[in-house]
Structure formats: C-alpha cells, structure tokens
*Asks:* 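Dropping the structure in here first, questions after.
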2 protein chains.
Amino acid sequence: MTAQAYETVIEEIESMIRSKRLKLGDRLEGERVLADRLGVSRTSVREAIRVLSTLGIIRSAPGSGPSAGAQVIADPEIALSASLRLHVAVDSLSVGDVIDARVMLESWAYRQLEQLPDDVLAPARELLDAMDATDDPVEFHHIDTQFHLELVRLAGNPLVNAIMSSLRASIESYVLDAAPHLEDWQAIAARLRAEHRAIVAAIGEGDGDRTASLAEGHILAFARDAGLIAQPG
Amino acid sequence: MTAQAYETVIEEIESMIRSKRLKLGDRLEGERVLADRLGVSRTSVREAIRVLSTLGIIRSAPGSGPSAGAQVIADPEIALSASLRLHVAVDSLSVGDVIDARVMLESWAYRQLEQLPDDVLAPARELLDAMDATDDPVEFHHIDTQFHLELVRLAGNPLVNAIMSSLRASIESYVLDAAPHLEDWQAIAARLRAEHRAIVAAIGEGDGDRTASLAEGHILAFARDAGLIAQPG
DNA sequence: AGGTATTGTGTGGTCCAACCACAGCCTAGT
DNA sequence: ACTAGGCTGTGGTTGGACCACACAATACCT
C-alpha cells in the first residue's frame with residue numbers, strides 16, 4: 001500500500017514543521033513549486049493544504065503581497081469544532097456526552113484556580129453586566145458562552161480552552177433551537193444571572209471546590225430545562 | 001465573499017446528514033454524480049470529501065462492490081489525533097498542556113465509576129499481566145496506553161474516550177523518544193506495574209476519589225521521570 | 001455442468017493544462 | 001508629485017484524460 005500522493009505532501013510539510021524549517025507565521029512555497037519539488041501534481045498539493053487548513057495548521061489566501069499565500073497558523077479549534085459538530089450530527093456523539101464533557105472541563109478549570117489577582121475577573125464581570133442588559137435569549141446565550149469561556153481561560157491551559165470552545169460550538173444549534181421552547185424565559189434568565197454571580201463570587205473567594213460544584217449544578221440544570229438531557233430519576 | 005466551491009459541497013453533505021437523508025453506513029453518490037448535481041467540478045467535490053475524510057466522517061475506497069465508494073463512518077479520533085499532533089509540533093500546544101488535560105480526563109473518568117460488575121475489570125487485568133511479561137519499553141508503553149484507555153472506557157463517554165485516545169497519540173512520539181534516556185528502566189517499570197495494580201484495586205473497591213488521586217500521581221511522576229514536564233518546586 | 005480465465009464496468013486516485021479572481025507592485029502618463 | 005493603468009504571482013476552479021482497483025458478468029475450456 002503506497003501512501004497516497006496528498007499524504008506524502010502532508011508528511012513533507014509536517015516534517016518541515018517538526019524540524020523547525022517551518023515555524024508559526026512562515027509562508028509555504030507556492031503550490032506549483034511544492035508540487036514540482038515533490039514530484040506530484042498541483043491537485044495533490046492542494047488536497048494536502050486543504051486538509052492542513054481544516055486542521056487549523058495552515059491558512060491560505062489568494063492575491064499577492066504579505067497577506068497572500070499559504071501561511072502556518074495555529075488554531076486548534078477549527079478541527080475540533082468541525083469534527084464535533086459533524087459527529088453530533090451523525091449521532092456518533094450525543095448532546096449528553098458533550099454536556100458531560102463540558103461539566104468535566106469547567107469543574108477542572110475552577111479547581112485549578114487559586115489566589116487570583118482581583119482584576120482578572122473584571123472581563124467576566126463586564127459580561128455579567130452585559131447579560132443583565134439583554135432580554136433576547138439568543139444574545140444572552142452568546143454572552144453566556146463568552147462568560148464561561150472567559151472563566152475557563154483563567155486556568156491557563158490552551159488545549160482545554162480549545163476543547164471547551166469546540167464543545168460549546170458543537171451543540172450551539174441545539175441550544176438555540178431549544179431556547180424558544182423554554183417555559184418561562186424571564187424566570188430562567190433570572191436564575192442563570194444569579195448563578196453566574198454566585199460562581200464569580202466563589203472564584204473571588206478562592207474556593208475552587210465550591211465553584212466547581214456550583215458550575216456543575218448550573219450547567220446541568222439548564223440542560224435539563226432545555227430538554228437537552230433527561231430529567232433526573 | 002461567496003463560499004468556496006468545496007464548502008458548498010460540504011454544506012450539502014452536512015445538510016443531508018442533519019436531515020437524516022444520509023445516515024451512518026450509507027454510501028454517498030459517486031463523485032461525478034455529486035459534482036454534476038451541485039454544479040461544481042469533480043475536483044471541488046474531491047476536496048470536500050477529503051476534508052470530511054480527515055474529520056472522520058467519511059471513508060472512501062476505490063474499486064467496485066460493497067466495500068467501494070464513499071461511505072459515512074463515525075471516527076471522532078481521526079481529526080482529534082491529527083490536529084493535536086500537528087499543534088504540538090508547531091508548539092501551539094505544549095506537551096505539558098496535553099498531560100494536564102489527560103490527568104483531568106482520567107481523574108474525571110475514575111470518579112464516574114461506581115459499583116461495577118466484577119468482570120468488567122478482566123480486560124484491564126489481562127493487560128496488567130501482559131505488561132508484566134515484557135521488558136521492552138516500547139511494547140510496555142503500547143500496552144500501558146491500552147490499559148489506561150480501557151479504564152477510561154469504563155466511564156462510558158465516547159467523546160471522552162476519543163479525546164483521551166487522541167491525547168495519548170499526540171504525544172506518543174515524545175514519550176517514545178524519552179524512553180531510552182530513562183535512568184533505570186527496570187526500576188521505573190516495576191513502579192509503574194505496582195501503581196497500575198493499585199489503581200485497579202482502588203477501582204474494584206469503588207473508591208473513585210482515591211483512584212483519581214492515584215492516577216494523577218502515577219501520570220505526573222512518569223512525565224517528570226521522562227522529562228516531559230518540569231520537576232516540582 | 002462445473003470450474004476457471006477473461007472481459008466489462010464503475011469506483012476513487014492522479015495528473016495536466018488552462019483560465020479566473022484577487023491583491024499588491026510597478027510603471028507610465030498627467 | 002500623484003494617480004491610473006497594467007504587470008505579476010498567488011490561490012481557486014474547471015474539464016478532460018488516464019490509471020489502479022475490485023467486483024460482476026461472461027465466455028471458455030474441461
């Protein structure tokens with residue numbers, strides 16, 4: 001079984017990255033040059049670049065000048081989001097699995113926190129105020145997402161951030177579909193706002209365990225309200 | 001900004017999946033037919049299929065008969081593994097980040113376990129015996145990987161399984177590179193074997209917290225020995 | 001009639017040669 | 001000195017050709 005042509009191109013590029021001949025921000029050779037050098041067609045080179053592009057490793061743009069060409073980037077979320085979204089769509093992963101994983105990530109993140117400088121919570125508090133200021137469920141949800149991402153970011157693990165972001169993105173459409181069917185949005189929004197403030201307060205007190213516990217209840221309760229997971233019992 | 005041709009193909013296929021016109025195991029139309037139907041070139045269709053293939057959604061094979069053609073599959077690991085591996089290579093993610101995430105996953109998985117039927121630990125115990133039977137660090141590591149995956153699998157969350165598997169795969173080359181440089185492999189292997197058995201025993205007792213704690217120490221200690229993360233203090 | 005080569009057919013895999021759209025650069029003309 | 005136009009090289013797209021493959025149907029020989 002000979003490797004497929006586009007695979008040899010990927011291997012070459014990956015090899016250049018591992019050996020540091022290619023670093024973040026560098027530009028690749030042109031597609032035609034690379035094809036010629038590796039003895040494959042431009043089509044195969046393009047397939048390889050397309051793959052690396054969906055993996056968040058390369059970004060390519062037409063035109064000329066500094067912004068053009070294929071460039072090495074580093075966006076781990078691209079592949080994670082796309083993959084999770086599609087696998088939820090084919091029912092290979094369930095929304096419940098994703099929510100459980102999200103609870104795991106957030107609980108972990110909050111337990112990592114300790115003695116933070118006070119001002120690091122300022123962005124989160126601004127998002128709290130923004131959530132107070134809106135009555136639109138969709139806008140509320142978007143700010144809610146930013147809020148949770150902001151808190152997880154405090155743990156400082158970029159991989160966890162990327163996974164967290166991808167998890168939310170993969171089930172966003174399900175959450176938004178469920179929103180209009182909620183019984184009493186005003187009441188639910190009020191509860192979510194209160195829970196958010198309690199979580200921020202717990203972080204401010206440096207109580208990681210309590211924060212994690214609050215977050216778990218907060219996430220699971222809304223998921224039940226939205227019909228995304230079964231009622232307990 | 002019009003969507004690129006291959007993106008419209010992906011959207012069409014994703015739409016077919018969401019509307020259940022395409023389910024797991026189904027075969028796609030031929031590339032030529034799909035290209036004609038969507039009014040794009042076969043090249044663009046192929047790029048789309050290649051992307052979905054790296055996302056673990058589609059598998060395609062040449063030839064004829066039941067095994068040929070493009071088929072909807074569900075392998076979440078493909079994209080996760082490839083993406084993580086490359087992002088570690090470009091230093092957009094560090095080995096330490098990956099190890100921390102792995103500790104998070106395993107700790108969570110073990111805390112989920114409760115009152116298991118006794119025989120579910122049989123496969124894990126067999127892997128323990130297999131690890132006893134080898135002196136080769138590389139083979140040991142492979143069985144070690146299977147062992148940890150087997151334990152995490154008991155938690156029953158396929159998404160967590162996929163992430164766990166991908167995390168290990170993404171740093172495997174670093175672990176294997178470090179193996180020959182270990183001071184005293186025999187002593188380390190003996191300690192790993194003992195720790196493994198302690199973990200299995202703790203699971204058998206239904207003590208999730210203790211299992212998680214043992215696993216965390218086990219993982220971090222070896223990572224330090226292998227020079228993958230800094231010494232404490 | 002049974003088994004065995006052979007051909008046929010449709011699949012994905014690869015390649016080529018052209019052309020398009022784009023964006024910066026450079027030059028000619030004012 | 002400035003502006004408008006063309007130049008050049010980038011990725012994006014297309015059509016058509018051919019290959020390797022794997023199965024299915026057929027023809028063939030025994």
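So you know, we letter chains A, B, ... as the sequences are listed, proteins then strands, and number each from 1.
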*Asks:* Hey, does A:Glu47 have a side-chain heavy atom less than 4.5 Å from the side chain of A:Gln4?
*Replies:* no
*Asks:* DNA chain D: A:Val33 or B:Ala5, which has the more 5' nearest nucleotide?
*Replies:* A:Val33
*Asks:* Can you find a side chain N or O atom of B:Ser41 that sits less than 4.0 Å from OP1 or OP2 on D:dT14?
*Replies:* yes
*Asks:* Run the numbers on B:Phe222 and B:Val175 for side chain to side chain contact (heavy atoms under 4.5 Å, CB included), then give the verdict.
*Replies:* CA-CA 10 Å; B:Phe222 178 77; B:Val175 175; 4.1 Å; yes
*Asks:* On DNA chain C, does the nearest nucleotide to B:Thr43 precede the nearest nucleotide to B:Glu29 from the 5' side, or the other way round? Give the residue.
*Replies:* B:Glu29
*Asks:* Below 4.5 Å, heavy atoms only, C-beta onward: do B:Ile229 and B:Val95 meet side chain to side chain?
*Replies:* no
*Asks:* Answer yes or no: side-chain N or O of A:Arg42 and base N or O of D:dG12 forming a donor-acceptor pair under 3.5 Å.
*Replies:* yes
*Asks:* Indicate whether the side chain of B:Ser15 and that of B:Arg21 have a donor and an acceptor atom separated by less than 3.5 Å.
*Replies:* yes
*Asks:* Where along residues 51-63 of chain A does a heavy atom come under 4.0 Å from DNA chain D, residue by residue in number order?
*Replies:* A:Ser60, A:Ala61, A:Pro62, A:Gly63
*Asks:* Distance check needed: D:dC18 C1' versus B:Arg32 CZ, whole Å only.
*Replies:* 11 Å
*Asks:* Give me the first and last nucleotide of DNA chain C, going 5' to 3', that has any atom under 4.0 Å from a heavy atom of chain B.
*Replies:* C:dG10 to C:dT14
*Asks:* CD of A:Gln71 versus P of D:dG9: gap in Å, rounded?
*Replies:* 21 Å
*Asks:* Between B:Gln4 (CD) and D:dT10 (C1'), how many Å, whole number?
*Replies:* 13 Å
*Asks:* Answer yes or no: is there a side-chain heavy-atom contact under 4.5 Å between B:His218 and B:His196?
*Replies:* yes
*Asks:* What is the distance, to the nearest angstrom, from the CZ atom on A:Arg27 to the P atom on D:dT10?
*Replies:* 12 Å
*Asks:* Could you work out which one of D:dT13, D:dT10, D:dA22 sits closest to the side chain of B:Ser67?
*Replies:* D:dA22
*Asks:* Please step through side chain to side chain contact (heavy atoms under 4.5 Å, CB included) for the pair B:Leu28 and B:Val72, ending with a clear verdict.
*Replies:* CA-CA 7 Å; B:Leu28 265 70; B:Val72 179; 3.9 Å; yes
*Asks:* Would you call the rings of B:Trp185 and B:Phe140 parallel, tilted or perpendicular if under 30° counts as parallel and over 60° as perpendicular?
*Replies:* perpendicular
*Asks:* Between A:Glu31 (CD) and D:dT13 (C1'), how many Å, whole number?
*Replies:* 11 Å
*Asks:* Using a strict threshold of under 4.0 Å (side-chain N to carboxylate O), is an ion pair present between A:Glu172 and A:Arg168?
*Replies:* no
*Asks:* Checking salt bridge (charged side-chain N to carboxylate O under 4.0 Å, His left out) between B:Glu31 and each of B:Arg46, B:Arg50, B:Arg37, which is the one that passes?
*Replies:* B:Arg46
